[in-house]
Amino acid sequence: MQIKTEIKYSTDEVDKVYNKPFLELVYEAQSVHRQYQPINKVQLCTLSNIKSGNCPEDCKYCPQSVRYDTQIEKYNLLPNEEVLNQANEAKKNGASRFCMGAAWRNAPNNSDFDRVLDLINNISKLNMEVCCTLGMLTQEQADKLKQAGLTAYNHNLDTSEEFYKEIISTRTYEDRLKTISYVSNSGIQLCCGGIIGLGESKKDRIELIKTLANLNPQPESVPVNSLVKIQGTPLQDNENIDSFELVRTIATARIFIPKAKVRLSAGRLEMSHELQTLCFLAGANSIFIGEKLLTTDNPEVNNDKQLFEKLMLSPL
Ligand code: SAM
Ligand code: DTB
Ligand code: SF4
């Protein structure tokens with residue numbers, strides 16, 4: 001199996017940008033942003049946790065792993081009607097993209113998968129982009145998702161290859177890259193990013209951005225999640241990540257992956273409006289709106305509306 005990675009950028013190149021004087025870095029990121037992205041526009045996306053908890057994987061950050069004792073609601077694949085209602089509601093709130101997450105190690109080959117195909121088909125008819133994240137895929141599954149009308153598949157690399165082993169033991173970076181290549185082969189857009197605050201070093205964040213930038217094709221969408229510390233997970237007592245590291249990560253991703261939407265994803269509940277503004281200035285141009293992410297809370301829709309009004313931003 002040939003994994004399509006082409007080394008275009010070296011660690012050193014990414015390092016030099018990431019570690020520039022802060023104001024210079026943000027200025028450069030905003031300059032790239034203006035060249036490649038519409039200005040004053042931020043895409044609104046809504047998440048639905050279509051299958052929750054009992055995941056056999058051991059991702060140390062995740063409340064949905066069966067190995068950790070966390071207070072989450074666990075359920076099997078939701079009825080299609082319920083998910084469709086959520087998608088309609090998301091559209092009413094201004095979301096133009098609907099993302100479905102399922103706590104599976106890999107997408108199953110059974111009627112649940114057929115139900116997800118049906119959901120994709122129906123949500124795409126609402127004139128919304130449809131994204132899903134179902135764990136690892138085979139090439140055949142990726143092709144079926146494409147046929148059903150899926151816009152994008154989310155499969156994060158999370159961190160550097162080296163640090164990945166400290167966070168997850170039940171699958172490898174190579175496994176992740178395989179699914180990523182199936183997604184790209186099938187013609188589905190790739191949504192691939194990571195988490196900061198896992199206890200990784202600056203170097204790990206730089207390596208992650210380098211790996212994402214060297215994917216061929218580059219991801220169309222790069223979620224930058226800030227760890228939400230969840231009681232019961234091994235990372236519950238992690239130190240807070242310095243906000244400037246978050247902004248540097250976003251700015252560097254914007255510079256090296258200029259055509260992608262960079263999504264300020266998990267962790268916004270803990271962020272001030274000023275910090276989120278700095279993230280937008282550094283090139284973030286998407287957020288999740290709605291009461292919940294997958295299992296954790298998100299800022300209130302009205303609060304996000306106020307932020308958009310203050311900044312005179314409009315939804316994309
Ligand atoms: N099971 C699938 C998988 O792992 O690809 C899909 C669902 S998984 C919850 C999707 C992504 O959510 C993960 O890759 C991770 O980046 C993010 N995530 C999960 N828990 C998180 C947390 N506590 N804080 C921040 N991001 C988190
Ligand atoms: C992504 O990178 N972030 C989203 C989406 N892809 C699926 C998920 C964030 C989850 C945050 C923790 C929770 O709510 O369970
Ligand atoms: Fe959570 Fe996905 Fe890891 Fe399962 S595979 S534990 S749902 S992040």
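Here the structure is a predicted model, which means the values were calculated and not measured. Atoms within a ligand are numbered from 1 in the order they appear, just like the ligands themselves.
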(request) Indicate, as side chain, backbone, both or neither, the part of V228 found under 4.0 angstrom from ligand 2 when only non-hydrogen atoms are considered. (result) neither

Looking at [atom], what's its closest protein heavy atom, distance included?
| atom | answer |
| --- | --- |
| atom 5 (S) of ligand 3 | R171 NH1, 3.2 Å |
| atom 1 (Fe) of ligand 3 | C62 SG, 2.3 Å |
| atom 21 (C) of ligand 1 | Y61 CD1, 3.7 Å |
| atom 10 (C) of ligand 1 | N154 OD1, 4.2 Å |
| atom 27 (C) of ligand 1 | I195 CD1, 3.8 Å |
| atom 4 (Fe) of ligand 3 | C55 SG, 2.3 Å |

(request) Scan the protein's non-hydrogen atoms and note whether one is under 4.0 Å from atom 12 (O) of ligand 1. (result) no

(request) Scan the protein's non-hydrogen atoms and note whether one is under 4.0 Å from atom 8 (S) of ligand 1. (result) no

(request) Report, in ascending order of atom number, the atoms of ligand 2 lying under 4.0 Å from any heavy atom of T295. (result) 13 (C), 14 (O), 15 (O)

(request) Could you list the atoms of ligand 2 found under 4.0 angstrom from a heavy atom of P223? (result) 2 (O)

(request) Taking only heavy atoms of Y61 into account, list the atoms of ligand 3 that are under 4.0 Å away from them. (result) 8 (S)

(request) Would you mind listing which atoms of ligand 3 come within a distance below 4.0 Å of any non-hydrogen atom of A103? (result) 7 (S)

(request) Examine the proximity of ligand 1 to S226 and report which part, side chain or backbone, both or neither, has a heavy atom under 4.0 Å away. (result) backbone

(message) At less than 2.8 Å, would any N/O/S atom of C59, backbone or side chain, sit next to atom 1 (Fe) of ligand 3?
(response) no

(request) Salt-bridge test for R176 and D158: reply yes if a basic N is under 4.0 Å from a carboxylate O, no otherwise. (result) no

(message) Check for me whether M100 has a heavy atom closer than 4.0 Å to any atom of ligand 1.
(response) no

(request) Closest by any non-hydrogen atom to atom 4 (C) of ligand 2: pick that one out of L47, L293, N154. (result) L47

